[in-house]
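Contents: one structure, followed by commentary.
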Amino acid sequence: MIDKQFDKETFKKSVKDNVKFLYRRKLEEATQEQLFQAVSYTVKDVIIDNWLDTQNAYEAQDPKIVYYMSMEFLMGRALGNNLLNLGAYGEVKEALEELGIDINALEDQEPDPALGNGGLGRLAACFLDSLATLGYSAYGCGIRYRYGMFKQEIRDGYQVEVPDAWLEEGYPFELRRPEYAKEVHFGGYVRVEYDQATGQNKFIHEGYQAVKAIPYDMPIVGYENNVVNTLRIWDAAAIEEFGFDSFDKGDYKKAVEQENLAKDIVNVLYPNDNKMSGKELRLKQQYFFVSASIQAAIEKYKKTHDDIKKLHEKVVFQMNDTHPTMAVAELMRILMDQEGLGWDDAWAVTTKCVAYTNHTIMAEALEKWPIELFSRLLPRVYQIIEEINRRFIIEVQNRYPGNYEKIKKMAIIYDGQVKMAHLAIVAGFSVNGVARLHTEILKNQELKDFYEMMPEKFNNKTNGITQRRFLLHGNQNLAAWITDHIGPDWITDLSQISKLKVYADDEKALQEFMNIKFQNKQRLAKYILEHNGVEVDPHSIFDVQVKRLHEYKRQLLNILHVIYLYNQIKLHPEMEFYPRTFIFGAKASAAYERAKKIIKLINCVADVVNNDSSINGKIKVVFIENYRVSNAEMIFAAADVSEQISTASKEASGTGNMKFMLNGAPTLGTMDGANVEIVEEVGQENAFIFGMSADQIINYENHGGYDPDFIYNTDAEIRQVLMQLINGTFSSDTELFRDIYDSLLNTKNCSRADQYFILGDFRSYAEAQKRVEAAYKDEKKWAKMALLNTACSGKFSSDRTIQEYVDDIWHLDKVTVTKSSEAAEK
Ligand code: 26V
């Protein structure tokens, strides 16, 4: 198959032709950027053949389609991944070498498409990879933000946000599809008209502003199976082309305004600060892509099916968190106002077509929209939600007669707000959490009332990650070693990786495994030297915490512990201490002041610790700038220790934890999210668990919090660390970290002191860190632990997760795609 898709000589010729065609240059004269474009176009050409074959296969086999609706898709770079999934990476690498081109340098030319914030967006990307690889018909539906996640620069230790113009040079892996454009309507009013013929009211939406939605398709290449699915992201444009007409009429200004209004919608990705803020533009974004996607789905269905009442047999919409929940009302609207169904028929179809995934229990993050805003922007959609609410309240009353508390807690519309999670649960036929513990907390705490009333909807789908990006691509040496030992089946069936367990006591194998880790650490050390100007020792323990910055994720606990260790080493210079490199990477939401302060603190501690010759380089602290998918792949491959230290109950799942495990880094973590299941797979003895349990935390929270002052007053070493935040040790400005200090001890700027139990878990964390050091010192013991982490990671493939979604929720049909002879001959 490889040969057919990529004959080396044809490939080389095509690259040369592209350079000539695109830039009128010879290969030798082309810049790296031009080479990247030329190679990408060659690759895209092959992909397009498979894309067409896939489309034909789908048309012939008519499988059920899942539409994965998400405001975020954190795709990461496509070139290397596409080559791997096409089964052509090795071949192309050689062909490029023969042309004098280094494939890694070329891959580094690609902008890292970052149309997402963190876990939720990256999960969507992993799911698309798995869906294509397993041969299921799926569309990703999202927004083509002009500016995705910002680029992070660190200046004087502070985060500075720089816009990331990823489309500037043109993105080769997208296809504009203007022929599938749709109209989306905002504002206006609803007029009711009695229809004599049917005897029913007709609802006519008038006086609205229309925006054009134009789709761009990105290919999602399955692993060596000829399948190419589609991520469809929508761009916005004004409806009225401003031609001479409007110019003549003096409407030029108005036309430009229209265009800008439309462009505004897709201008920028909202940062996830786990805080809902009710911004009108965000609501517009949501309706914009939901409406366009649903229109497209229905149009596609109707091309080959004539009974709209059977839509659910061929179509399912999965709502990635509540962000696309408008899908419920939009589908109702189209079924009633355009397809002519009555309420009951429309509701029967809708409630069999939509399903909802919850990704957080953080109360501040739950979406609630002011009625005023909602009804003004989307009058017809709001009307439908009102009716859904009215009918639901009757159900609640029937079930709990006279219990007004229930209505208050469960209503979709209450207190002047539309509660999107309630709408998603009431209309969805499935509600799932993203790790076992998270789902249990949903059922027994956050969504207790709903679970009591409709238990059959609730289910768990523990998250997963794609081993193809995070091992096969990100850690190529380890991937090759694994294939040498157990064959290549793990690439599409990660449960096979358990076959590595037989090497857990094989000294040669362990040695090789750790040698690969060492090479990866050297690669990261080089990156750190180039980017941070800090020299780190690859023999030291690489202790890594990379994820979005949030107080609940407790980067603060980590850095306070670093300060504590630093104090210990200074106080007892003779103390035995295994050298440690603490590596951080995190973006803070631009408006999240305290999170940004924590980044500054980490960098200030780094400055002091890295430059204190009295500690002999025993500790180094590194903050990696602009943590993103592309450098993440390298970081996971180089990690010894995986820091997963969220306050128990707060991290719904985590997926970074799985990427570390896959790459042989034991977890140092709390019993939170998917950590619980990681420990279950790998065994307590191969992880470092500490801290209060979710039950304990929830219990404290339900009884007014705990008392950090007691710890402050009775633990002198912790007190010293806290004092150092405000006594000039890490900044001559003693007020700089006052807010952080206060957040731990005073309730001045928050409702509770130390909301995230940092002091409460500190001793337990420090003790777990001691166990890490002891284990690492025993080289053989550590190697075995590391290898067993990789060997036990089989459960955490997104292939497994997707198969569970298919079996329990989506019920899709598997499709096989064979290459057409025409494409094969090419
Ligand atoms: C919320 C908001 C609210 C303000 C506007 C922007 C915005 C964007 C996203 C969110 C949702 C945050 C929820 C989230 O990202 N959850 C993460 O989902 C991961 C995948 O399931 C999971 O592994 C993480 O534990 C969870 O925090």
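Any value given below was found using the heavy atoms of this structure, including those in side chains, with hydrogens, waters and symmetry copies removed. Order of listing sets the numbers, starting from 1, for every ligand and every atom in it.
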With no hydrogens and no angle check, just 3.5 Å: does a side-chain donor-acceptor pair link E643 and Q769? yes

Tell me whether R376 is salt-bridged to E372, with the criterion being a basic N under 4.0 Å from an acidic carboxylate O. yes

For residues F690 and Y765, establish whether the separation of their ring centroids is below 6.0 Å. yes

Would you please indicate if the ring centroids of F450 and H422 are separated by under 6.0 Å? yes

Go through the structure and list residues passing salt bridge (charged side-chain N to carboxylate O under 4.0 Å, His left out) with E633, not counting sequence neighbours. R469

Any donor-acceptor pair under 3.5 Å linking the side chain of D640 with the backbone of F542? yes

Ligand 1 N/O to protein N/O, distances under 3.5 Å:
| residue | atom | partner | partner atom | Å |
| --- | --- | --- | --- | --- |
| ligand 1 | 16 (N) | H359 | O | 3.0 |
| ligand 1 | 21 (O) | H359 | ND1 | 2.6 |
| ligand 1 | 21 (O) | N463 | OD1 | 2.9 |
| ligand 1 | 23 (O) | G654 | N | 2.8 |
| ligand 1 | 25 (O) | E651 | OE1 | 2.6 |
| ligand 1 | 25 (O) | A652 | N | 3.4 |
| ligand 1 | 25 (O) | S653 | N | 3.0 |
| ligand 1 | 25 (O) | G654 | N | 3.0 |
| ligand 1 | 27 (O) | Y552 | OH | 3.2 |
| ligand 1 | 27 (O) | E651 | OE1 | 3.1 |

